[in-house]
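Read through the structure below, which is laid out as structure tokens, and then see the notes.
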Protein chains: 2
Amino acid sequence: MKKITIGDASRQSGVKVPTIRYYEGIGLLAAPSRSEGNQRSYEPADISRLVFIRHARELGFEVEAIRTLLTLQDDPHQSCASADAIAKARLIEVEQRIRSLMALKVELEAMVEGCGHGRVDQCRVIEVLADHGQCAHPHHGLQASSLSVS
Amino acid sequence: MKKITIGDASRQSGVKVPTIRYYEGIGLLAAPSRSEGNQRSYEPADISRLVFIRHARELGFEVEAIRTLLTLQDDPHQSCASADAIAKARLIEVEQRIRSLMALKVELEAMVEGCGHGRVDQCRVIEVLADHGQCAHPHHGLQASSLSVS
DNA sequence: CTTGCACCTCTAGTCGCTAGAGGATGTAGG
DNA sequence: CCTACATCCTCTAGCGACTAGAGGTGCAAG
């Protein structure tokens with residue numbers, strides 16, 4: 001009978017208040033019951049769900065993937081093949097991302113090192129950007145593809 | 001006097017047609033002259049600028065950073081300290097990102113490996129997400145912070 | 001002269017939130 | 001009981017960097 005306000009839910013789960021409402025809006029979290037004054041009232045299970053979501057987001061899973069993972073969690077007798085597949089796909093994404101970023105790192109290091117700290121016309125930073133042929137490493141085919149988790 | 005259409009500019013620079021128009025809209029690229037029929041007509045210098053922009057975007061520089069880099073390029077007698085600083089900041093971002101992703105990789109690997117390929121109630125993927133205490137590595141403080149380049 | 005592609009503008013959508021306006025509710029102190 | 005004040009409510013708009021689509025015009029080849 002303890003009523004958990006959205007603020008408490010936020011503090012307990014680590015998910016910000018507007019984000020909780022957002023998750024409700026997109027159907028990740030069921031709409032909770034309301035108090036007489038129309039305020040959301042959560043239960044412990046909702047907190048767990050929010051922690052689950054937050055954790056998955058921190059791992060870089062997309063909301064759609066989390067939606068699938070949550071339906072799996074809701075029915076524990078299902079095969080976990082989908083969860084497995086989602087995690088594996090995410091792992092492959094992360095590995096690719098790391099490879100790309102390593103290539104970027106090498107190139108940025110060369111740019112920064114090559115900068116004579118003088119005038120722009122001797123600056124390798126600008127030069128490399130202007131002329132792709134100067135690249136330390138080719139990295140064509142890199143395409144912006146979302147997903148952050150800094 | 002060769003007139004470069006937006007389609008040719010796209011093919012030569014590797015920047016998509018709508019993206020070129022977008023860059024014009026946000027002022028990264030000057031509005032080119034127009035043909036009688038109101039079609040954009042580019043010059044070789046515009047292609048170079050587009051290549052510069054594309055390359056910088058591939059390296060993960062934000063549009064605002066590129067704006068600065070372009071003004072530096074336009075005046076080659078300036079000090080390149082700003083370009084240097086921008087590249088260094090980007091390098092630090094990339095290094096941080098790599099570290100975070102390595103931590104994610106470790107955790108995802110543990111999840112995937114721990115999956116018994118049975119039912120959900122034995123699945124470590126779901127379990128780890130539900131209970132942060134199961135994490136192989138702590139990665140709190142990770143906050144989504146934009147910037148992709150897959 | 002017609003077919004068909006490339007071009008034009010404009011608006012709206014993507015993702016995962018975040019910020020702000022403007023108002024209602026809940027709680028603690030006087 | 002009244003007043004602050006924090007917290008809650010809904011709603012809309014904005015972020016970055018594009019992308020997609022509607023609805024219309026230009027142009028070159030057959």
Side-chain angles (χ1 to χ4, degrees), chain A residues 2-29 31-42 46 50 53-67 70 90 93 142-150, chain B residues 2-29 31-42 46 50 53-70 90 93 142-150:
Chain A
K2 52 199 161 195
K3 37 189 164 183
I4 305 175
T5 66
I6 197 169
D8 289 336
S10 171
R11 275 178 290 276
Q12 285 173 44
S13 67
V15 179
K16 288 184 194 151
V17 168
T19 306
I20 295 176
R21 285 196 278 251
Y22 170 73
Y23 286 158
E24 182 184 325
I26 62 168
L28 263 200
L29 193 67
S33 57
R34 300 284 185 131
S35 75
E36 293 153 38
N38 197 34
Q39 303 201 188
R40 287 171 180 82
S41 178
Y42 293 95
D46 296 317
L50 281 169
I53 295 170
R54 196 206 45 167
H55 197 180
R57 288 292 303 137
E58 281 171 355
L59 287 169
F61 290 98
E62 295 177 8
V63 164
E64 280 316 298
I66 297 173
R67 208 186 287 279
L70 282 167
R90 178 67 192 142
E93 268 173 43
L142 291 188
Q143 273 296 320
S145 87
S146 70
L147 277 191
S148 34
V149 180
S150 83
Chain B
K2 52 198 161 193
K3 37 190 164 181
I4 306 174
T5 66
I6 197 168
D8 288 336
S10 171
R11 274 178 290 275
Q12 285 173 44
S13 67
V15 179
K16 288 184 197 153
V17 168
T19 306
I20 295 175
R21 285 194 280 251
Y22 170 73
Y23 286 158
E24 183 184 324
I26 62 169
L28 264 199
L29 193 68
S33 57
R34 299 284 186 130
S35 74
E36 294 154 37
N38 196 35
Q39 302 200 189
R40 288 170 180 82
S41 179
Y42 293 94
D46 297 317
L50 281 170
I53 296 170
R54 194 206 45 168
H55 196 180
R57 286 293 302 135
E58 282 172 354
L59 287 169
F61 290 98
E62 293 176 9
V63 163
E64 281 317 298
I66 297 173
R67 209 185 286 278
T68 306
L69 291 170
L70 282 167
R90 178 66 191 141
E93 270 173 40
L142 290 188
Q143 273 295 320
S145 87
S146 70
L147 278 191
S148 35
V149 182
S150 84

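Remember, it's a predicted structure, so these values are computed and weren't measured experimentally. What's counted below: heavy atoms across the whole structure, side chains too, no hydrogens, waters or symmetry copies.
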So, does A:Y23 get its side chain near the phosphate of C:dG16, meaning an N or O under 4.0 Å from OP1 or OP2?
no
B:R11: partners by side chain to side chain contact (heavy atoms under 4.5 Å, CB included), with sequence neighbours left out:
B:D8
Find which nucleotide of DNA chain D each of B:E36 and B:Y22 is nearest to by heavy atoms, and output the residue with the more 5' nucleotide.
B:Y22
Would you indicate, yes or no, if C:dC17 has its OP1 or OP2 atom less than 4.0 angstrom from a side-chain nitrogen or oxygen of A:R57?
yes
Is there a side-chain contact between A:I53 and A:L28, using heavy atoms and a 4.5 Å cut-off?
yes
To the nearest angstrom, how far is A:D8 atom CG from C:dG26 atom C1'?
13 Å
For A:E58 and C:dG16, what is the distance between atoms CD and P respectively, to the nearest whole Å?
15 Å
Are B:V63 and B:I26 close enough, and set up right, to give a side-chain contact (heavy atoms from CB on, under 4.5 Å), and what steps lead you there?
CA-CA 9 Å; B:V63 163; B:I26 62 169; 3.7 Å; yes
Please evaluate residues B:Q12 and B:I4 with respect to the criterion side-chain contact (heavy atoms from CB on, under 4.5 Å), reporting the C-alpha separation (whole Å), side-chain torsions for both, the decisive distance (0.1 Å), and the verdict.
CA-CA 10 Å; B:Q12 285 173 44; B:I4 306 174; 4.2 Å; yes
Report yes if at least one side-chain N or O of A:R40 is closer than 4.0 Å to OP1 or OP2 of D:dT7; otherwise report no.
no
On DNA chain D, check which nucleotide each of B:S35 and B:E64 is closest to and give me the residue with the more 5' one.
B:E64
Protein-nucleotide distance (B:I20, atom CD1; D:dT19, atom C1'), rounded to Å
14 Å
Between C:dG16 and A:R67, is there an OP1 or OP2 to side-chain N/O distance shorter than 4.0 Å?
no
Check this one for me: any side-chain N or O of A:T5 less than 4.0 Å away from OP1 or OP2 of D:dC8?
yes
Would you say a side-chain N or O of B:T19 is under 4.0 Å from OP1 or OP2 of D:dA17?
no
Walking DNA chain C from its 5' end, the first of A:G37 and B:G7 to be reached, judged by nearest nucleotide, is B:G7
side-chain contact (heavy atoms from CB on, under 4.5 Å), that's the test. Do A:R40 and A:E24 meet it? Break it down for me.
CA-CA 11 Å; A:R40 287 171 180 82; A:E24 182 184 325; 2.7 Å; yes
Find the distance B:K16:NZ to D:dC18:P and express it as a whole number of Å.
9 Å
B:E62 CD to D:dG16 P, in whole Å, measures 8 Å
Could you tell me how far apart A:K3 (NZ) and D:dC8 (C1') are, to the nearest whole angstrom?
13 Å
Euclidean distance, atom CD1 of residue B:I4 to atom P of C:dA6 [Å, nearest integer]
18 Å
Between A:R21 and D:dT10, is there a side-chain N or O to OP1/OP2 distance below 4.0 Å?
no
Measure the distance from CD1 on B:I6 to C1' on C:dC5 and round it to the nearest whole Å.
15 Å
